Colleague: 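Got a structure for you, questions after.
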Amino acid sequence: MNLTIYKYPIPKASGKFAIDLPEEARPLHVDVQEGLPWIWIEVDLDEPKKRTQFCVVYTSGTVPEDFVYVGTVLAHGGHLVLHIYRGAQ
């Protein structure tokens, strides 16, 4: 096992996006750094990667079926609220 933590950008637009991650990757935190939204994920560098679906949902938006809540990011001083979900594994 070769665990490390990487950060990945989160798009500000609502909708799905993908990150290539090992199957057992574990989202740890979502936040804003230097004005941009990011997700920090613990990954095992020894495991093969696969395309992992995430989704940004605005408040009052529809959550896609089979997606699980990861966290919420308050961007632009709280004027933009991004709820992050991960697709079923």
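All figures in this text were calculated on a predicted structure; none of them were measured in a lab. For this chain, numbers begin at 1 and follow the sequence in order.
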Colleague: Is it true that a side-chain atom of Asp44 and a backbone atom of Leu3 form a donor plus acceptor pair closer than 3.5 Å?
Modeller: no

Colleague: Return the CZ to CD1 distance between Arg26 and Ile5, rounded to the nearest 0.5 Å.
Modeller: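 Result: 8.0 Å between the selected atoms.
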
Colleague: Output all residues satisfying ring pair (Phe, Tyr, Trp, His ring centres under 6.0 Å) with Phe54, sequence neighbours left out; order by chain, then residue number.
Modeller: Phe17

Colleague: Quick one: pull up NZ in Lys16 and OH in Tyr85 and give me the separation to the nearest 0.5 Å.
Modeller: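 So the gap between those two atoms works out to 13.5 Å.
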
Colleague: Quick check for you: to the nearest 0.5 Å, what is the distance between Leu80 atom CG and Thr59 atom OG1?
Modeller: 9.0 Å

Colleague: Distance check, rounded to the nearest 0.5 Å: Asn2 atom CG versus Glu47 atom CD?
Modeller: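 Rounded to the nearest 0.5 Å, the CG-CD separation comes out at 10.0 Å.
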
Colleague: Between side-chain atoms of residues 62-71 and protein atoms elsewhere (two or more places apart, or another chain), which donor-acceptor pairs fall under 3.5 Å?
Modeller:
| from | atom 1 | to | atom 2 | distance (Å) |
| --- | --- | --- | --- | --- |
| Tyr69 | OH | Thr72 | N | 3.1 |
| Tyr69 | OH | Thr72 | OG1 | 2.6 |

Colleague: With rounding to the nearest 0.5 angstrom, report the CG to CZ distance, Asp20 to Arg51.
Modeller: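 Between Asp20 CG and Arg51 CZ, I get 4.5 Å after rounding to 0.5 Å.
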
Colleague: Would a hydrophobic clustering, with Ile, Leu, Val, Met, Phe, Trp and Tyr connected at side-chain separations under 4.5 Å, put Ile84 with Val57?
Modeller: no

Colleague: Measuring from Ile41:CD1 to Leu21:CG, what's the distance to the nearest 0.5 Å?
Modeller: 4.5 Å

Colleague: Do other residues, nucleotides or ligands put more than 12 heavy atoms under 6.0 Å from the NZ atom of Lys7?
Modeller: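 Atom NZ in Lys7 is crowded, with more than 12 foreign heavy atoms closer than 6.0 Å.
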
Colleague: So, do Ile19 and Ile39 sit near enough that their side-chain heavy atoms are less than 4.5 Å apart?
Modeller: yes

Colleague: Indicate the atoms forming the closest heavy-atom contact of Arg86 with Ala25, along with that distance.
Modeller: NH1-O, 2.8 Å

Colleague: If Ile, Leu, Val, Met, Phe, Trp and Tyr residues are connected whenever their side-chain heavy atoms lie under 4.5 Å apart, and connections chain through other members, are Val56 and Tyr8 in the same group?
Modeller: yes

Colleague: Tell me whether Leu36 shares a hydrophobic cluster with Leu74, the cluster being built from Ile, Leu, Val, Met, Phe, Trp, Tyr side chains joined at under 4.5 Å.
Modeller: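 Each belongs to a different hydrophobic cluster.
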
Colleague: Could you state whether Tyr6 and Trp38 fall into the same hydrophobic cluster, counting links through intermediate Ile, Leu, Val, Met, Phe, Trp or Tyr residues with side-chain heavy atoms under 4.5 angstrom apart?
Modeller: no

Colleague: Who passes ring pair (Phe, Tyr, Trp, His ring centres under 6.0 Å) against His76, sequence neighbours left out?
Modeller: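 In terms of ring pair (Phe, Tyr, Trp, His ring centres under 6.0 Å), with neighbours along the sequence ignored, His76 is linked to no residue.
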
Colleague: Hey, mind stepping through Val73 and Val32 against side chain to side chain contact (heavy atoms under 4.5 Å, CB included) and telling me if it holds?
Modeller: CA-CA 7 Å; Val73 177; Val32 173; 3.3 Å; yes

